[in-house]
Structures are given as C-alpha cells and as structure tokens.
Amino acid sequence: MTDTEIRDVRGRRIWDSRGRPTVEVEIQLAGGALGRAIAPAGASTGSGEAVDLRDGDEMFGGYDVRRALRAVNDEIDQALTGADADDQAAIDAALIQLDGTPNKSRLGGNALVATSMAVAHAAAAAEGVPLWRRLGGISAHTLPLPEIQIFGGGAHAGRRVDVQDFMVIAVGAADYEEALDWTARVYIAAGKLMAAAGALQGVADEGGYWPVFDTNEAALDMMVRAIEAAGLVPGDQVAISLDIAASEFGSGGRYRLGLEERALDSDGLSEMLTGWLDRYPIVSVEDPLGEDDEAGLIAFTAAAGDRVQVIGDDYLVTNADRVQTAIEKHACNAVLVKPNQAGTLTEARAAFDTATVAGWGAVISARSGETEDVTIVHLAVGWGAYQLKVGSFARSERMAKWNEGLRIAEAIGAKASLPPPRVFPWG
Ligand code: 2PG
Ligand code: MG
C-alpha cells in the first residue's frame, strides 16, 4: 500500500453562486492526504458538453443532484477505492469507462469532474505542494493574463442585451497584480458611469454590471469610456474582449438580436462583428457564430483571425478531437478550456495541449455557476496557460479565483511573470 492509494471517495451536496445544488467531492488517501473539489455549472452550454446529472424532479427546479451524489458515494467510491491518486490518467480513464456514455450522462459530468479534480488535489497534498506546483514543477512561473467581465449579458442577464460577455484584458500590465489593479479601476469607473447615466441596476450572474443599453454596441462605447475614465489607454493598456455566445441567439446560420429587433444571417453577423473590430480596441472574440455554423466560423476566422483571437467555446466544448478538426479547418484560432465541459482533467488537458501545440491560444475558464473552488487557477499556472477567464471583478466566487492568483504569484516570487506580449500580436 502506498500513501497515495485512495481510501475513500465522498460526495456531498453544497450550493453554487446561483443558489443551486452542486457536487463537492472529497478524496481521502491512505497516507492521510485529503483533496476536495466542486463541480461548476454553465448556463449557456454547448450541446456537445459533458452533461450534468440533475434529478429533474420537483426539488429546486429540477436542479437537485442527489443522483450524481449517489454515483459518487456508491459506484465511483467502489471503483476508485484502492486506486493510486498519483496516476491521474488512469483514474480519469477508469471514470470514463465506468460512466460508459459519450457525454457522461450516466454518472454525471458534475460527479466526474469534481472527482477528477479532487483526486488531483489529493495527490498534490500527498506530495506536500499546491496543485499548480505539482502540475507545473519547479519551473512554473507564468501567471495567466486575466480576462475580466465588465458587463454581463445574454443568458446571464435575462437576455437584456444579446452579447454575453463584455470583458477587458489588461494587455499592457507589467504583472498579474497590476492587471488586477487596472481591472479594478475600470470596473469601478464603469459603475460610476452607469450610475451617472441612471443605468446602474445591480449585476448579472458573473458579477458584471447589468447591461442597461439600447444597443449591443452602446456597451462597447461604455467600455471605452470606462477604460479612459480609469486613466488608462484603451488598446495599449487595457483592451476589450467579447464572448458573443452566438448559439444563444441563433441556429442554422440565422441570428436574431432581440435588443435591436434585427435578424441577421451568418454573413451579416460576421460583418457586424468585423465592423466592431474596426471601431473598438478588441483583441479577442469568443463564439462569434453559433456552434452549428462551422462555415460561418471559418469565414469569420478568414476575415478576422489575423487581427483578433477567435475562441471556440460552445463549438469546441473542451474536446481534443473537435479542436484538432477546427485546427485543420481554420475555424478558430483559440480554445476555451472548461474542465467540466470535458468531464475529467485528463480530457481537458488533451484539448489544451492539442490547441497549444498547434500554436493556438488557450483560455482556461470558469462557468457562470461557480463556487469558492479555485482549481482552474492552479490548472492555468500549472499547465502554463496564458489566459484565464473567470467572470467579473465582484462576487466572491469570482474574487476567490483572482485572489488565488495573487497568492500563487507571491509564492513564485520574483520570477512570476505574465505571458510574453505575443499572446495578442495585433494588440
Ligand atoms: C461562457 C461561460 C462563462 P457558461 O459562455 O464562456 O462566461 O458561460 O458557464 O454559462 O457557459
Ligand atoms: Mg462562452
């Protein structure tokens, strides 16, 4: 028996940032080490994602997770007890095989991802190091560039505006700490400008201001004003990043902007977005077209991929095979990596590696339903990911992650650095 042999797998029901039940898993190792992780939950999910197992009955709008917890405490506990937590790949392969479905629907992507991440934490604890250090080794020193939401829209704000995330990236910041300082200044400035306009109405699901705007583009104007009001230079110091989440307002190449009462075809939406690229300091656009509109994604990437990062989220769903296909088809030039879209850390890592080996960008990302779990920050540093997306600069389920990055930067010390500027060569 080794110290890293799994002694016990325990699931418990806890609550996420939307007040919905979610799965927490604790892994106890023979040597006494403990690992714990919590499953997040998306709202604008891609159809190819690993599926959360929800009870679907009258409790909590069908969102209860008693069945997923039973899976953890019965089948998963039995299968993993005695296995070696040191071998993440073998653990994840066992979880995938035990579930037996292509989309993790039998045991639940929520049960699987919480287990997979808890195993990683337990193995790190057994080694006596934080997870980022276990994954990245002693040479890990790169902090991810934060992508931080200022206005939340789409499915996270009752579709008040169509575009889902209006974010900033502090492209000119000298280090991680300064990137957060600058973002805090922009966030505060945006709140003051919204208040002055009589448009401050609280925040959306990820902590960005509620988007009280007449058009989607008006939010972009406000972003630029907020960056300037914070005393920063739009584009040079702080750039704009968007998640259009187009699958939420269109399918089959037909899109409907509810706010502006406009219908667009794929070319029309592409043209609208490239027009924004001409007029605003935008460095990154996620899901510009719907997940089923591959031709549209290819056309957009051909038109704009040399001056902006084009991220696939709903379209790629953290799946290495899909990333490989998209690389061959030039359908994007970056991937969003959400561990719970894949269901296990090994699969998420494969999607990340497939992208980065091809020279693509890769953004490790939280979900709109989150908790105090900070695993993704450790993955970003440990895997050497250049970017991290966590929602806004408010609400503790978001701040827990940004703050964990500060602790990791401090632990790395003088060698801690942001990625080289070539992340956004067009910035
Ligand atoms: C996204 C995420 C995070 P959700 O679309 O990128 O903003 O949203 O977790 O609801 O899928
Ligand atoms: Mg997205």
Side-chain angles (χ1 to χ4, degrees), residues 16-18 20 22 38-52 54 63 109-110 113 144 146-169 203-209 211 219 240-250 273 284-293 297 300 309-319 322-323 326 332 334-343 348 351 361-371 373 375-377 380 385 387-395 397-398 401-402:
D16 76 8
S17 56
R18 282 192 271 252
R20 290 179 186 160
T22 190
I38 309 168
S44 68
T45 49
S47 61
E49 293 192 16
V51 173
D52 283 347
R54 304 270 178 188
Y63 284 105
N110 42 359
V113 80
E147 186 183 20
I148 305 186
Q149 188 192 70
I150 303 298
F151 300 109
H156 305 157
R159 297 178 204 286
R160 178 61 185 75
V161 299
D162 304 284
V163 172
Q164 182 181 286
D165 297 309
F166 295 88
M167 298 166 287
V168 290
I169 303 182
V203 299
D205 277 11
E206 298 188 5
Y209 297 108
I240 295 175
S241 160
L242 301 173
D243 182 359
I244 309 301
S247 308
E248 290 291 313
F249 58 85
L273 297 177
S284 179
V285 183
E286 181 179 327
D287 286 348
L289 287 303
E291 62 169 45
D292 63 348
D293 190 356
L297 286 164
F300 181 78
Q309 175 172 258
V310 184
I311 305 177
D313 171 16
D314 292 352
Y315 167 63
L316 298 174
V317 290
T318 314
N319 179 298
R322 288 187 186 224
V323 173
C332 325
V335 63
L336 203 72
V337 177
K338 294 165 163 169
N340 83 321
Q341 280 185 329
V363 185
I364 309 291
S365 174
R367 302 309 304 251
S368 50
E370 270 294 338
T371 66
D373 188 285
T375 306
I376 54 165
V377 188
Q387 300 167 72
L388 178 65
K389 177 186 181 191
V390 173
S392 194
F393 210 67
R395 299 180 40 142
E397 79 278 6
R398 312 292 150 188
K401 281 119 176 128
W402 302 130

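Note that the structure is a prediction, hence the values are computed from the model and not measured. Just follow the structure's listing: the first ligand is 1, and inside any ligand the first atom is 1. This chain uses plain numbering: 1 for the first residue, then up along the sequence.
Aromatic ring pairs are classed by plane angle as parallel below 30°, tilted from 30° to 60° and perpendicular above 60°; the pair F166 and F151 is perpendicular.
If you number the atoms of ligand 1 from 1 as listed, the ones under 4.0 Å from a heavy atom of H156 come out as 4 (P), 7 (O), 8 (O), 10 (O). Residue K389 has at least one heavy-atom neighbour below 4.0 Å for each of these atoms of ligand 1: 1 (C), 3 (C), 6 (O), 7 (O). Each of the atoms 7 (O) of ligand 1 lies under 4.0 Å from some heavy atom of D165. Listed by atom number, the atoms of ligand 1 under 4.0 Å from D313 heavy atoms are 1 (C), 5 (O), 6 (O). Each of the following atoms of ligand 1 lies closer than 4.0 Å to a heavy atom of L336: 6 (O). Atom numbering of ligand 1 starts at 1 in the shown order; those under 4.0 Å from a heavy atom of E206 are 3 (C), 7 (O), 8 (O). Of all atoms in ligand 1, listed by their number and element, those nearer than 4.0 Å to a heavy atom of D243 are 1 (C), 5 (O), 6 (O). The R367 neighbourhood of ligand 1 comprises atoms 4 (P), 9 (O), 11 (O), with distances under 4.0 Å to a heavy atom of that residue.
Here D314 has no heavy atoms under 4.0 Å from ligand 1, in either its backbone or its side chain. Counting heavy atoms under 4.0 Å from ligand 1, residue D205 does not touch it at all.
Legend: residues meeting side-chain contact (heavy atoms from CB on, under 4.5 Å) with A157, ordered by chain and number and at least two apart, are A204, W210, P211.
At least one heavy atom of E286 sits closer than 4.0 Å to an atom of ligand 1. Heavy-atom separations between A245 and ligand 1 are all 4.0 Å or longer.
Between the side chain of E147 and the main chain of S241, no donor-acceptor pair closer than 3.5 Å is present. At distances below 3.5 Å, not a single donor-acceptor pair connects side-chain atoms of D52 with backbone N or O atoms of R54. Judged purely by atom type and a 3.5 angstrom limit, S17 uses its side chain to pair as donor or acceptor with the backbone of E370.
In this structure, CD1 on I244 lies 7.5 Å from CZ on F300, to the nearest 0.5 angstrom. Atom OG of S44 sits about 10.0 Å away from atom CG of D205, to the nearest 0.5 Å. One finds the CD atom of E248 at 4.5 Å from the CZ atom of R159 (value rounded to the nearest 0.5 Å). Of the inter-residue distances, the one linking T318 atom OG1 with L336 atom CG reads 6.5 Å to the nearest 0.5 angstrom.
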Given E206 and R395, is the side chain to side chain contact (heavy atoms under 4.5 Å, CB included) satisfied, shown in steps? CA-CA 8 Å; E206 298 188 5; R395 299 180 40 142; over 6 Å; no
Take K389 and D243, measure what side chain to side chain contact (heavy atoms under 4.5 Å, CB included) needs, and give me the verdict at the end. CA-CA 11 Å; K389 177 186 181 191; D243 182 359; 3.1 Å; yes
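Ranking the protein heavy atoms by distance from atom 5 (O) of ligand 1 puts Q164 NE2, 2.8 Å first. In terms of protein heavy atoms, atom 4 (P) of ligand 1 is closest to S368 OG, 3.4 Å. Counting protein heavy atoms only, atom 2 (C) of ligand 1 is closest to K338 NZ, 3.3 Å.
At a cut-off of 2.8 Å, measuring from the Mg ion (ligand 2), the protein N, O or S atoms that fall short of it are D243 OD2, E286 OE2, D313 OD2, waters left aside.
One side chain, D373 or T375, offers a donor N or O that lies under 3.5 Å from an acceptor on the other. For the residue pair Q341 / D313, a side-chain donor-acceptor distance below 3.5 Å is found, with atom types taken as modelled.
For ligand 1, the polar-atom distance check against A43 finds a nitrogen or oxygen pair separated by under 3.5 Å.
Under the side-chain contact (heavy atoms from CB on, under 4.5 Å) test applied with V390, the options K401, Q149, R367, E397 reduce to a single match, K401.
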